[in-house]
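First comes the structure, then the notes that go with it.
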Amino acid sequence: AAKRAGGAHFVFYEPHMSARAKEQLELQRDLRQALTRDGELELHYQPKISARDGSLTGVEALTRWRHPERGQLGPGIFIPVAERFGLINALGAWVIEQACIQAVAWRDQGQPLAVAVNLSVHQLRQADLAERTAELLAKHGLDPALLSFEVTESVAMEDTGHTLRVFEQLGEIGIQLSIDDFGTGYSSLSYLRQLDADQLKIDQSFVRDLEHSADARAIVQAVVSLAHALGLSVIAEGVETEGQRDILSALGCDELQGYFYARPMPASALEDWRQNRSTPAPRDADLPH
Ligand code: C2E
Ligand code: MG
Ligand code: MG
Ligand code: MG
């Protein structure tokens with residue numbers, strides 16, 4: 001319609017585009033500042049739960065930005081800005097280092113917890129990602145078993161020669177690798193076999209449909225079989241209901257993550273959550289009458 005309207009295309013569409021472009025420019029300026037200041041950017045942590053025994057197996061770090069005027073912004077807003085304006089490697093390095101610092105803090109509290117960090121395509125393309133990561137681990141004295149990376153399936157399947165090498169290098173330094181949003185890309189099975197990953201993470205779109213769709217159940221079942229046959233573990237993301245949990249457990253999923261268990265939360269809230277969870281609920285006899 002905009003095209004047919006000719007002139008109207010210019011009048012109607014252009015102001016919208018420039019408002020958006022202006023906003024993106026403002027966000028990139030603010031993000032640049034946020035990267036040099038303390039306290040605006042923050043990692044929230046979402047628990048990963050063992051399907052077998054309900055224990056906490058690790059957390060995924062998800063970045064939040066407390067913008068001074070706009071309030072809390074999610075990664076869907078600022079990651080694309082960071083990618084577009086060349087800030088993603090700086091932001092990504094900050095995220096990895098924060099995750100290391102937090103993992104060291106938890107370890108030193110006697111409550112070690114593995115932290116998974118999401119990688120952008122640009123980070124994966126850095127020739128020295130493994131080297132830089134090894135340096136960070138050494139700098140903070142962190143065991144690589146306490147850090148892992150998540151790379152989306154679509155990113156992992158691009159530039160496959162390079163990705164194979166980077167995964168191999170990361171594997172050599174002991175970093176676990178998950179293929180995020182699995183099922184939404186186009187993995188070739190032979191490539192998947194070559195790729196040195198440790199885990200497939202089933203995309204939440206399949207989890208959402210599990211209770212009502214035999215197709216979604218069939219897909220999850222196939223992914224679990226494939227993963228296990230290749231020696232990979234499987235985690236499902238976006239688990240919101242008891243029904244989904246039951247189906248995923250019955251289908252042999254190893255780990256579960258989602259609002260059903262907990263939302264992503266700041267480190268201190270996660271510590272409280274963990275504490276409350278490990279304190280057994282009082283039995284009736286212990287309750288005041
Ligand atoms: P993801 O890695 O697939 O993370 C899962 C997203 O689903 C997160 O959204 C999480 O908050 C949300 N989620 C978790 N459980 C549930 C649930 O039960 N139901 C629903 N509906 N959603 C759930 P978030 O935090 O907005 O992150 C979105 C995406 O942004 C992430 O997807 C990840 O790809 C990316 N991202 C987040 N932090 C970073 C980062 O530090 N660096 C990079 N490069 N990307 C990041
Ligand atoms: Mg992820
Ligand atoms: Mg995901
Ligand atoms: Mg996802």
Side-chain angles (χ1 to χ4, degrees), residues 31 34-35 40-49 57-66 71-103 114-126 129 133 136 147-156 176-185 197-211 220 223 234-245 247-248 253 255-267 269-270 273:
L31 186 57
L35 280 165
E40 277 190 42
L41 291 164
E42 183 178 49
L43 298 188
H44 283 196
Y45 300 91
Q46 186 178 37
K48 300 183 179 190
I49 305 294
T57 56
V59 288
E60 177 176 8
L62 295 153
T63 306
R64 304 288 180 257
W65 180 10
R66 237 173 312 147
Q72 182 167 290
L73 301 178
I77 307 277
F78 61 83
I79 296 286
V81 172
E83 288 180 333
R84 181 160 164 219
F85 292 96
L87 298 172
I88 191 65
N89 286 339
L91 176 59
W94 181 87
V95 171
I96 298 172
E97 183 150 32
Q98 280 310 115
C100 288
I101 291 169
Q102 189 59 62
V115 181
V117 167
N118 292 285
L119 292 189
S120 153
V121 61
H122 300 269
Q123 287 173 278
L124 197 69
R125 296 291 166 266
Q126 289 177 313
L129 175 66
T133 304
L136 272 180
L147 181 69
S148 68
F149 289 151
E150 299 191 2
V151 176
T152 64
E153 183 187 20
S154 49
V155 164
Q176 300 269 314
L177 293 156
S178 292
I179 310 293
D180 207 344
D181 302 347
F182 191 79
T184 60
D198 301 281
Q199 183 176 63
L200 300 184
K201 190 164 200 179
I202 297 176
D203 190 63
Q204 59 187 49
S205 58
F206 302 109
V207 175
R208 193 180 304 129
D209 295 342
L210 271 183
E211 287 160 294
V220 169
V223 172
V234 192
I235 182 167
E237 67 177 353
V239 182
E240 294 185 352
T241 70
E242 200 169 0
Q244 290 165 353
R245 176 201 62 189
I247 296 168
L248 289 161
C253 234
E255 288 170 77
L256 307 167
Q257 183 184 348
Y259 296 167
F260 176 69
Y261 294 100
R263 290 185 174 252
M265 54 193 135
L270 184 91
W273 179 87

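If you're wondering where the values come from, they're calculated on a predicted model, not measured in any experiment. When a ligand or atom number is given, it counts from 1 through the structure's own listing order.
At least one heavy atom of Pro264 sits closer than 4.0 Å to an atom of ligand 1. Residue contact annotation: Gly238 has a non-hydrogen atom under 4.0 Å from ligand 1. The closest approach between a heavy atom of Arg263 and any atom of ligand 1 is not below 4.0 Å. Residue contact annotation: Arg64 has a non-hydrogen atom under 4.0 Å from ligand 1.
Proximity of Ile96 to Gln123: side-chain heavy atoms (C-beta onward) are separated by under 4.5 Å at one or more points. At least one side-chain heavy atom of Phe149 sits less than 4.5 Å from a side-chain heavy atom of Val117. Side-chain contact between Tyr45 and Gln102: present, with at least one pair of heavy atoms (C-beta onward) separated by less than 4.5 Å.
Vertex the Mg ion (ligand 3); arms to Asp180 OD1 and Glu237 OE2; angle rounded to 10 degrees, 120°.
When the heavy-atom distances from atom 10 (C) of ligand 1 to Leu41, Leu124, Leu62 are ranked, the shortest goes to Leu62. Between Leu43, Asn118, Asp203, it is Asn118 that holds the heavy atom closest to atom 46 (C) of ligand 1.
Note: Asp203 CG to Arg208 CZ = 7.5 Å, rounded to the nearest 0.5 Å.
Geometrically, ligand 1 and Gln257 share no nitrogen or oxygen pair separated by less than 3.5 Å.
A side chain to side chain donor-acceptor pair (under 3.5 Å) with Glu255 is found for exactly one of Lys48, Gln199, Lys201, namely Gln199. For the side chain to side chain donor-acceptor pair (under 3.5 Å) with Gln257, the lone residue among Glu60, Glu237, Gln204 that qualifies is Glu60.
For Asp181, the N/O/S atom at the shortest distance from the Mg ion (ligand 3) is named OD1.
Glu153 places a side-chain N or O within donor-acceptor distance of the main-chain N or O of Thr184, the cut-off being under 3.5 Å.
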>> Please evaluate residues Leu147 and Leu136 with respect to the criterion side chain to side chain contact (heavy atoms under 4.5 Å, CB included), reporting the C-alpha separation (whole Å), side-chain torsions for both, the decisive distance (0.1 Å), and the verdict.
In response: CA-CA 11 Å; Leu147 181 69; Leu136 272 180; over 6 Å; no
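Residue-level proximity to ligand 1 for Val95 is carried by the side chain, the only part with a heavy atom below 4.0 angstrom. Contacts of Lys201 with ligand 1, taken as heavy-atom pairs under 4.0 Å, are absent altogether.
Within ligand 1, the atoms closer than 4.0 Å to a non-hydrogen atom of Asp180 are 1 (P), 2 (O), 3 (O), numbered from 1 in the order shown. Atom numbering of ligand 1 starts at 1 in the shown order; those under 4.0 Å from a heavy atom of Gln46 are 14 (C), 15 (N).
Defined by atom type and a distance below 3.5 Å, a donor-acceptor pair is missing between the side-chain atoms of Gln46 and His44.
Taking 2.8 Å as the threshold, Asn118 counts as a candidate ligand of the Mg ion (ligand 2), since one of its N, O or S atoms lies below it.
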